[in-house]
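Quick caveat: nothing in here was measured; it's all calculated off a predicted structure. In each ligand, atom 1 is the first atom listed, and ligand 1 is the first ligand listed.
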Amino acid sequence: MHIAVLAGDGIGQEIMVEAVRVLEALDLPGLRLDHADVGGVAYRKHGHPLPPETLDLAKTADAVLFGAVGDPELDGLRRELRVESAILGLRKELQLFANLRPANAFAGLENLSGLKPEIASAIDLLIVRELTGDVYFGEKGQRQTEDGLRQGYDVMAYDESEIARIAHVAFKAAQGRKGKLCSVDKANVLQTSVLWRAVVEEVAAEYPDVELSHMYVDNAAMQLVRNPGQFDVIVTGNLFGDILSDQASMCVGSIGLLASASLGEGTKGQYEPIHGSAPDIAGQGIANPMAMILSAAMMLRHSFADETNAQRIEKAVSTVLADGVLGHDLGGSASTSAIGDAVVAAVQK
Ligand SMILES: NC(=O)C1=CN([C@@H]2O[C@H](COP(=O)(O)OP(=O)(O)OC[C@H]3O[C@@H](n4cnc5c(N)ncnc54)[C@H](O)[C@@H]3O)[C@@H](O)[C@H]2O)C=CC1
Ligand SMILES: CC(C)CC(=O)C(=O)O
Ligand SMILES: [Mg+2]
């Protein structure tokens with residue numbers, strides 16, 4: 001069980017400490033954790049946000065546990081060196097095209113999300129976000145128009161094989177859940193989405209047991225707040241999935257609660273919270289480590305087929321939240337390490 005531990009920047013460092021403590025508390029046989037620099041930390045030490053030794057470790061390890069990258073002091077770096085390029089680079093290099101972002105209600109948090117409690121408590125959905133295409137990876141740049149105006153561009157493009165492979169992941173996920181898949185696009189305006197919808201329909205023929213629907217992304221954003229309980233699995237592109245998952249996190253209660261798994265064809269995966277480095281709270285010891293801890297649970301499930309320990313972590317997190325050990329993001333006063341302590345104690349019970 002060889003894990004590359006890439007804590008990254010800002011609160012990434014703080015929450016990773018807690019996730020590692022939880023993993024160590026499980027007494028996993030053969031657990032080997034190798035740490036490496038990524039993001040702004042890596043740029044400052046090695047001159048690149050994704051140094052070759054970090055990439056090598058990520059490639060040779062069985063799985064990657066990733067904190068977050070992002071350092072406002074380095075925002076002016078040229079595109080290839082922007083610290084966020086490290087995460088995009090890892091996803092591309094490791095061919096992790098499927099990002100699973102589950103969002104489910106936690107007992108005790110029903111009153112904290114801003115939604116009516118009966119609406120919030122019905123949340124049990126999975127966003128399947130395509131991760132290696134779309135505007136993040138299309139041709140991009142800045143140029144001058146014929147009128148001499150500066151113009152920025154990012155090409156949105158998906159080919160049919162990219163759409164089909166993420167659709168298969170989503171249909172299979174729906175088969176293992178409530179059998180409902182909603183494909184989210186903007187097919188009333190975007191040609192990329194017209195193709196997306198057509199290919200998802202073609203793939204649907206192989207999954208007659210899954211009920212497929214389509215929804216425009218603007219409506220989906222609204223429906224996530226109006227009635228999130230209507231969704232089982234959502235499949236969508238990179239940009240829409242990025243935005244909708246941050247939104248879904250607040251329907252549950254906080255962005256500090258949502259984990260994710262980035263997967264490819266094999267068992268290798270990268271596991272990370274959906275949030276970023278949160279520079280506004282970094283260094284204060286108040287970041288919520290639950291998303292990072294739950295990402296470690298997803299790692300045990302997907303990369304090591306260790307459902308027992310994945311559930312041990314997930315149950316511990318639920319218990320700690322239900323007991324009212326809440327971070328500042330949820331209106332409580334528990335510090336990052338106090339939340340970590342509580343989860344460690346709960347997994348050992
Ligand atoms: N996967 C990654 O590495 C990601 C990196 N980023 C980068 O992170 C930096 C900050 O980006 P933002 O847009 O501010 O997004 P962010 O997700 O870092 O923070 C958004 C807001 O949520 C709060 N927040 C986030 N995680 C939290 C946690 N665990 N506990 C409590 N509060 C939490 C922050 O304090 C902030 O107010 C940027 O450089 C951005 O590019 C953003 C998203 C993902
Ligand atoms: C650098 C961004 C693409 C990361 C992000 O916001 C995400 O993956 O959710
Ligand atoms: Mg995001």
Side-chain angles (χ1 to χ4, degrees), residues 6-19 38-43 49-50 64-77 79 81-92 96-101 103 112 127-138 140 154 236-250 252-262 270-295 317 321 326-340:
L6 313 183
D9 301 319
I11 63 166
Q13 295 284 337
E14 302 164 45
I15 57 177
M16 187 62 85
V17 170
E18 307 309 326
V38 72
V41 169
Y43 175 79
L50 182 56
V64 179
L65 207 50
F66 186 95
V69 292
D71 180 340
E73 285 179 19
L74 298 174
D75 275 353
L77 291 174
R79 194 171 90 212
L81 291 179
R82 263 203 77 107
V83 304
E84 287 84 354
S85 70
I87 191 170
L88 300 181
L90 276 165
R91 291 167 180 170
K92 198 74 177 175
L96 305 174
F97 64 87
N99 188 214
L100 310 188
R101 296 188 155 190
L112 298 177
I127 296 178
V128 178
R129 166 191 175 194
E130 200 290 330
L131 204 55
T132 51
D134 208 336
V135 287
Y136 296 165
F137 291 94
K140 55 180 69 242
D154 301 87
T236 191
N238 204 343
L239 176 64
F240 299 156
D242 191 356
I243 297 167
L244 291 179
S245 50
D246 270 32
Q247 187 181 341
S249 75
M250 268 322 283
V252 171
S254 166
I255 195 166
L257 294 172
L258 259 58
S260 85
S262 303
Q270 176 164 308
Y271 302 88
E272 53 189 284
I274 74 156
H275 61 72
S277 59
D280 55 338
I281 58 164
Q284 299 177 36
I286 57 169
N288 190 337
M290 291 306 204
M292 187 76 247
I293 292 169
L294 289 168
S295 299
V317 166
L321 291 170
L326 303 180
H328 294 245
D329 53 324
L330 289 165
S333 58
S335 65
T336 309
S337 60
I339 296 172

Requested in this report: Say whether Ala291 and ligand 1 are in contact under the criterion: heavy-atom distance to a ligand atom below 4.0 Å.
Outcome: no
Report task. Decide, counting backbone as well as side-chain atoms, whether Asp242 has an N, O or S atom less than 2.8 Å from the Mg ion (ligand 3). Result -> yes
Query - Sub-4.0 Å heavy-atom approach of Arg82 to ligand 2 - result: no
Report task. Determine, counting only non-hydrogen atoms of the protein, whether one lies under 4.0 angstrom from atom 8 (O) of ligand 1. Result -> yes
Report summary line: Atoms of ligand 2 under 4.0 Å from any heavy atom of Arg91, numbered from 1 in the order shown, are 7 (C), 8 (O)
Query raised in the report: Just going by heavy-atom distances, which of His275, Glu84, Arg129, Glu272 is nearest to atom 7 (C) of ligand 2?
Result: Arg129
Query - Per-residue contact class, Val69 against ligand 1 - non-hydrogen pairs under 4.0 Å - result: both
Query - Any donor-acceptor N or O pair under 3.5 Å, side chains Asp71, Tyr43 - result: no
Query raised in the report: Taking only heavy atoms of Gly70, which atoms of ligand 1 are found under 4.0 Å from at least one of them?
Result: 39 (O)
Requested in this report: Pull out every atom of ligand 1 sitting under 4.0 Å from any heavy atom of Ile11, numbered as shown with elements.
Outcome: 26 (N), 27 (C), 28 (C), 29 (N)
Requested in this report: Determine, counting only non-hydrogen atoms of the protein, whether one lies under 4.0 angstrom from atom 44 (C) of ligand 1.
Outcome: yes
Query raised in the report: At a non-hydrogen distance cut-off of under 4.0 Å, which region of Pro279 contacts ligand 1 (side chain, backbone, both, or neither)?
Result: side chain
Query raised in the report: Nearest to atom 18 (O) of ligand 1, what protein heavy atom do you find, and at what distance?
Result: Ala278 N, 2.8 Å
Query - Distance filter under 4.0 Å to Asp329 heavy atoms, resulting ligand 1 atoms - result: 31 (C)
Requested in this report: Please indicate, with yes or no, if any protein heavy atom is found under 4.0 Å from atom 11 (O) of ligand 1?
Outcome: no
Query raised in the report: Counting heavy atoms only, which part of His275 comes closer than 4.0 Å to ligand 1: side chain, backbone, both or neither?
Result: both
Report task. Give the numbers and elements of all ligand 2 atoms closer than 4.0 Å to a heavy atom of Arg101. Result -> 7 (C), 8 (O), 9 (O)
Query raised in the report: Should Tyr136 be counted as touching ligand 2, given the test is an N or O pair under 3.5 Å?
Result: no
Query raised in the report: Counting only heavy atoms, which portion of Glu272 has something under 4.0 Å from ligand 1: side chain, backbone, both, or neither?
Result: side chain
Query raised in the report: Can an N or O of Ser277 be found at a distance shorter than 3.5 Å from an N or O of ligand 1?
Result: yes
Report summary line: Nearest non-hydrogen protein atom to atom 15 (O) of ligand 1, with distance, is Gly276 N, 4.4 Å
Requested in this report: Please determine which of Asp246, Ile255, Asp329 meets the side-chain contact (heavy atoms from CB on, under 4.5 Å) test together with His275.
Outcome: Ile255
Requested in this report: Between Asn99 and ligand 2, find which residue part has any heavy-atom pair under 4.0 Å and reply side chain, backbone, both or neither.
Outcome: neither
Report task. Considering the heavy atoms of Ala287, write down every atom of ligand 1 situated less than 4.0 Å from one of them. Result -> 30 (N)
Query raised in the report: Please state which protein non-hydrogen atom is closest to atom 2 (C) of ligand 2 and give its distance, to 0.1 Å?
Result: Asp242 OD2, 4.5 Å
Requested in this report: Give a yes or no on whether atom 21 (C) of ligand 1 lies under 4.0 Å from any heavy atom of the protein.
Outcome: no
